[in-house]
Amino acid sequence: VNKALGTITFVLLTVLAGATPLWTSDFESGSPDGWKPRGTSEQLTVVLGGHTGASSLAITGRTTTWQGPTHALAPSWKPGSTYRIAVWVRYARGPQTRAFNLSAELGYQDASAPHQYKNLVSVAVNRGEWGQIVYTYTVPADPTLALVEVYVESPYKADNQATPDDTVDFQIDDVAVEAVAEALRPVPQQDIPRLRDVLAGSLLVGTAVSPDQVNPADPHFRLLTRHFGAIVPGNAMKPEALQPQEGRFTFGQADLLADYADRTGTKLRGHTLVWHQQTPSWFFTDPKDPKRPASKELLLSRLNTHIAEVVGHYRGQVSTWDVVNEVVSDRSGLRTGDEGSLWYAIAGADYIDAAFRAARAADPDAELAINDYNLESSVAKRDALYELVKGMKARGVPVDVVGLQGHISIYGPSVDQFRQAIRKFATLGVKVQVTELDLSIYSGASEPAKQPSADILALQARRYAELFTMFREEARAGRLELVMLWGSADDDTWLDNFPVPGRLDAPLLFDRQLQAKPAFWAVVGAEAGKKP
Ligand code: 9MR
């Protein structure tokens, strides 16, 4: 009776709090409760030992990071609705800590549309202990959605690079999925200054977005429309997203962003035509023998086709293209095959000029950018890119913009180092843009996870304010025109998984509940709550 009363109280309380329990899995009945393996090699078995109760579901035999247990989100989920998903995870053998991702797979009524895979949240778990992953997820309000599944996996690595540590056996238990009432979703404040207006006149400010976020049902939508005059897809225009197989172009998701930009008069940056990451392996492979690399001639012809199709498709919509991304080495000169560039390994330096020429031919009005990281902190890397661009200009290669990514930390580099990089490139007669700004709260990979305390947020606010003061000065002097943040709120940042998977970061202007952080107030030049 007590147990039953407890359950009734729990259900009543959750309903009163605005959440309706939809389903749970505790594996006590001995069945996998509707969970299925994502791949073919892994096995799901109900085993003794659970987070609570007698049993849990064990996942063994994984050989890739993405293998694991998957389950339909709910018997009848609705586009645009919000769900709270909670799963307990444990692993017994392997490294001392491991990150596990809760992810979602989306499929569409049009069966030929590629599935979308979303890493919702990543949590570090200690070996031998149960750790909980919780995430509140709003399903995109896309009426053509046909499938939404949630699954547990390891942070992504290419199949051939996954080590036994990446594919450890694990168990899940006490899964609970609830529908969250609309009133409980995070709502960005609407009575605060608009970032874009405060900076107008000197700087255009934008952010990286995903296609779901330009839907009015998504909580980020209000942040975007209110504060940002420019957007760039974080992933949706990368080669793997736009041409997953040779000759099969999939523009649907990226088109949502281009349509939003058109409708709202928002500037759209295109990112990125050529990169050594997130590019399908077919680009670099001999079609007759998949074990052999493509010839240089074939690779350059694929480069030309990709650029002609993609830039042609977005002609008149994308104002600046990142034509090549991260082509400079972290040591000296260009990124070579040892630093992961199959472009360089096969084609040598020639692919860079070829990419710019192809982009100019496909849209003569788009500005063409070369984009890279650590230009603010490493003088050697900055100077290597400077020499590269200088040479390109001398050869008549159409390069218009240098993009400084700006993935920095609250601890460094100094504002003055950043300023020197902007000034150096401005002397080349190119435009300078800051393309991917975020300020990690960590000093490096060895720092353990920490909470963004008031002190840390205050330091971050000071750094953001000083940087934006400098950006405005450089903009007024004609040396900088645009600053893009790499995300709008801390609930959606790549830094949760880099350089340490599952170590949560807080690098942006809005927090995980989409509320303005001290950094926001510092950039708009006001105390929290006051109009500047
Ligand atoms: O934000 C992107 C993240 O979702 C991807 O997992 C990651 C894969 O490499 O790429 C991130 O974006 C990168 C951008 O395209 C280029 N500069 C570095 C960014 C952070 O890794």
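All of these numbers come straight from a predicted model, not from anything done at the bench.
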| request: Determine whether the side chains of R302 and Q243 contain a donor N or O and an acceptor N or O closer than 3.5 Å. | output: no

| said: The criterion is side chain to side chain contact (heavy atoms under 4.5 Å, CB included); which residues satisfy it with E326, sequence neighbours excluded? | reply: W275, H276, Q277, R335, D372, Y373, Q405

| Just wondering, are more than 12 heavy atoms of other shown residues or ligands nearer than 6.0 Å to NZ in K381? | yes

| Under-4.0 Å salt bridge between R292 and D286 | yes

| task | Could you pull out all residues at least two apart from R248 that satisfy side chain to side chain donor-acceptor pair (under 3.5 Å)? | result | Q245

| field | Residues that A236 engages under side chain to side chain contact (heavy atoms under 4.5 Å, CB included), provided they are two or more places apart | value | P211, P233, A254, L257

| request: Would you please name every residue forming a side chain to side chain contact (heavy atoms under 4.5 Å, CB included) with A506, sequence neighbours left out? | output: I441, P452, D490, K517

| Evaluation steps, side-chain contact (heavy atoms from CB on, under 4.5 Å), between E376 and R382 | CA-CA 7 Å; E376 316 81 20; R382 176 193 83 186; over 6 Å; no

| request: Determine whether the aromatic ring centres of H306 and F283 lie less than 6.0 Å apart. | output: yes

| Does a donor on one side chain and an acceptor on the other come within less than 3.5 Å for S41 and Q67? | yes

| query | In terms of side-chain geometry, is the basic nitrogen of R93 or D165 positioned less than 4.0 Å from the acidic oxygen of its partner? | reply | no

| With D505 via side chain to side chain donor-acceptor pair (under 3.5 Å) - residues at least two apart | S440

| request: Please assess F228 against T266 for the test side-chain contact (heavy atoms from CB on, under 4.5 Å), listing each intermediate value before the final yes or no. | output: CA-CA 8 Å; F228 298 102; T266 302; over 6 Å; no

| query | What residues, two or more places apart in sequence or in another chain, satisfy side chain to side chain contact (heavy atoms under 4.5 Å, CB included) together with S377? | reply | N374, P413

| field | Close side-chain approach of P293 and L342, heavy atoms under 4.5 Å | value | no

| query | Without hydrogens or angle criteria, can the side chains of E339 and S329 be said to hold a donor-acceptor pair below 3.5 Å? | reply | yes

| Aromatic rings F498 and W494: how do their planes relate, parallel, tilted or perpendicular, breaks at 30° and 60°? | parallel

| Close side-chain approach of M392 to I352, heavy-atom, < 4.5 Å | yes

| Closest heavy-atom pair and its distance - S122, A99 | OG-CB, 3.8 Å

| query | Checking side-chain contact (heavy atoms from CB on, under 4.5 Å) for the pair T167/T63: CA distance, chi angles, key distance, verdict? | reply | CA-CA 6 Å; T167 58; T63 55; 5.5 Å; no

| Close side-chain approach of L242 and Q253, heavy atoms under 4.5 Å | no

| said: Tell me which one of V209, L223, L224, D212 satisfies side chain to side chain contact (heavy atoms under 4.5 Å, CB included) with D218. | reply: D212

| query | Do W321 and H271 have ring centres separated by under 6.0 Å? | reply | no

Only pairs under 3.5 Å count here: list side-chain donor-acceptor contacts from residues 147-156, not counting sequence neighbours, and write none if there are none.
{"residue": "E149", "atom": "OE1", "partner": "T70", "partner atom": "OG1", "Å": "2.7"}
{"residue": "E153", "atom": "OE2", "partner": "S103", "partner atom": "OG", "Å": "2.6"}
{"residue": "S154", "atom": "OG", "partner": "R62", "partner atom": "NH1", "Å": "3.4"}
{"residue": "S154", "atom": "OG", "partner": "R62", "partner atom": "NH2", "Å": "2.8"}
{"residue": "S154", "atom": "OG", "partner": "D166", "partner atom": "O", "Å": "2.7"}

| field | M484 side chain reached by R269 side chain, heavy atoms, under 4.5 Å | value | yes

| request: Examine the side chains of T65 and K157 and answer whether a donor and an acceptor come within less than 3.5 Å of each other. | output: no

| Closest contact, heavy atoms only, I422 versus V432 | O-CG2, 3.8 Å

| task | Could you go through the side-chain hydrogen bond (donor to acceptor under 3.5 Å, both in side chains) check for T207 and S488 one step at a time? | result | CA-CA 6 Å; T207 179; S488 55; 4.7 Å; no

| task | Report the C-alpha separation of H227 and F510 in whole Å, then their side-chain angles, then the decisive distance to 0.1 Å, and conclude whether the ring pair (Phe, Tyr, Trp, His ring centres under 6.0 Å) test is met. | result | CA-CA 11 Å; H227 297 290; F510 295 90; 5.0 Å; yes

| message | I'd like to know if D322 and K238 make a salt bridge, using a cut-off of under 4.0 Å between side-chain N and carboxylate O. | response | no

| query | Who passes side chain to side chain donor-acceptor pair (under 3.5 Å) against Q213, sequence neighbours left out? | reply | D492

| field | Contacts of F170 that satisfy ring pair (Phe, Tyr, Trp, His ring centres under 6.0 Å) - sequence neighbours left out | value | F100

| message | For A359 versus V311, what's the shortest heavy-atom pair and its separation? | response | O-CG1, 3.9 Å

| query | With a 4.5 Å limit on heavy-atom distance, are the side chains of V310 and M237 in contact? | reply | no

| task | Could you tell me whether E105 and R38 have a side-chain N and a carboxylate O separated by less than 4.0 Å? | result | yes

| query | Taking only residues at least two apart or on different chains, which pairs with a member in residues 384-393 satisfy side chain to side chain donor-acceptor pair (under 3.5 Å)? | reply | none

| task | Please step through side-chain contact (heavy atoms from CB on, under 4.5 Å) for the pair W486 and H407, ending with a clear verdict. | result | CA-CA 8 Å; W486 202 241; H407 293 297; 3.8 Å; yes

| said: Please find the pair of heavy atoms, one from I133 and one from N101, that lie closest to each other, and give the distance. | reply: CD1-C, 4.5 Å

| Taking all atoms of both residues into account, what is the closest heavy-atom pair of G333 and V328, and its distance? | O-CG1, 3.5 Å

| request: Give the C-alpha distance, both sets of side-chain angles, the deciding distance and a yes or no for side-chain hydrogen bond (donor to acceptor under 3.5 Å, both in side chains) between N371 and T435. | output: CA-CA 8 Å; N371 192 46; T435 53; 2.7 Å; yes

| request: Check V323 against T272 and note the closest heavy-atom contact, atom names and distance. | output: O-OG1, 4.2 Å

| Results of salt bridge (Lys or Arg N to Asp or Glu O under 4.0 Å) for E309 - residues two or more places apart only | none

| task | Return yes if a side-chain donor-acceptor contact under 3.5 Å exists between Q278 and N235, otherwise no. | result | yes

| field | Worked verdict on R90 versus Q171 for side-chain hydrogen bond (donor to acceptor under 3.5 Å, both in side chains) | value | CA-CA 5 Å; R90 176 183 183 271; Q171 293 149 262; 3.0 Å; yes

| query | Which side chain to side chain donor-acceptor pair (under 3.5 Å) pairs, counting each pair once, include a residue from residues 343-361, with sequence neighbours left out? | reply | K296-D350, D353-R395, R360-D400

| message | One thing to verify: whether K424 and D383 come together as a salt bridge, which I'm taking to mean a side-chain N less than 4.0 angstrom from a carboxylate O. | response | yes

| Parallel, tilted or perpendicular, as decided by the 30° and 60° cut-offs, for the rings of F249 and F251 | parallel

| query | Which is it for N215 and Y260 under the side-chain hydrogen bond (donor to acceptor under 3.5 Å, both in side chains) test, yes or no, and what are the steps along the way? | reply | CA-CA 9 Å; N215 193 306; Y260 169 86; over 6 Å; no

| query | Do T97 and V125 have side chains that get closer than 4.5 Å, going by heavy atoms? | reply | no

